Amino acid sequence: MLRARTIESVIVAFSISPAGGDESGSVSAAVAEAVRVVRASGLPNETNAMFTNVEGEWDEVMAVVKQAVEVVAAVSPRVSLVLKADIRPGYTGQLTAKVERIEQALGG
């Protein structure tokens, strides 16, 4: 019989956007509200041009993603969510450590 393992730490990269935007087609105000949710969570995070990355325990990270979807859904009848997860039991602090390993490999 297989035994389930508890997922201790996960990095989730997600992109969230309302379907449509203001008259200019901009979605930045709604996306900013989603990022505000992530930053208020206190979890390690970073935002770049394409995704917001957040690291923590599975349940807490997924709760943050859900709340981010909810704030965007409050201003749009339809929400697009793209999500990618790196699930690696026993490792924490990987949001920065993974980048540091690449920089070391590049000689930087």
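Nothing fancy with the numbering, it's 1 onward along the sequence. This is a predicted model, so every value here is computed, not measured.
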Item to check | Close side-chain approach of Leu83 to Met62, heavy-atom, < 4.5 Å | outcome: yes

Checklist entry - Given side chains that start at C-beta, do those of Arg36 and Val71 come closer than 4.5 Å, heavy atoms only? => result no

Next on the checklist: Does Arg101, at its CZ atom, have more than 12 non-hydrogen atoms belonging to other residues, nucleotides or ligands within less than 6.0 Å?
Outcome noted: yes

Item to check | Side-chain heavy-atom pair Ile11, Lys98 within 4.5 angstrom cut-off | outcome: yes

Checklist entry - Do Glu55 and Ser9 have side-chain heavy atoms sitting under 4.5 Å apart? => result yes

Item to check | Nearest non-hydrogen partners of Pro18 and Val72, listed with the distance | outcome: N-CG1, 3.7 Å

Checklist entry - Quick one: does Glu33's side chain get under 4.5 Å of Glu70's, heavy atoms only? => result no

Item to check | OG1-CD distance between Thr92 and Glu57, expressed to the nearest 0.5 angstrom | outcome: 10.0 Å

Checklist entry - Leu43 versus Asn45: any side-chain heavy-atom pair under 4.5 Å? => result no

Checklist entry - Of the non-hydrogen atoms in Val64 and Val37, which two are nearest, and what is the gap between them? => result O-CG1, 3.9 Å

Item to check | Joint hydrophobic cluster, Val10 plus Leu95, side-chain heavy atoms closer than 4.5 Å | outcome: no

Checklist entry - Do you reckon Val35 sits in the same ILVMFWY cluster as Val82, going by side-chain contacts under 4.5 Å, direct or chained? => result no

Next on the checklist: Could you tell me if the side chain of Thr96 sits less than 4.5 Å from the side chain of Glu46, heavy atoms only?
Outcome noted: no

Next on the checklist: How about CZ on Phe51, more than 12 heavy atoms from neighbouring residues, nucleotides or ligands closer than 6.0 Å, or not?
Outcome noted: yes

Checklist entry - Minimum heavy-atom separation for Val12 to Ala85, with atom names? => result CG2-CB, 4.1 Å

Item to check | Joint hydrophobic cluster, Val75 plus Val31, side-chain heavy atoms closer than 4.5 Å | outcome: no

Checklist entry - Is there a path of hydrophobic side-chain contacts, each under 4.5 Å between heavy atoms of I, L, V, M, F, W or Y residues, that connects Val65 with Trp58? => result yes

Checklist entry - Under a 4.5 Å side-chain heavy-atom rule over Ile, Leu, Val, Met, Phe, Trp and Tyr, are Ile87 and Val54 clustered together? => result yes

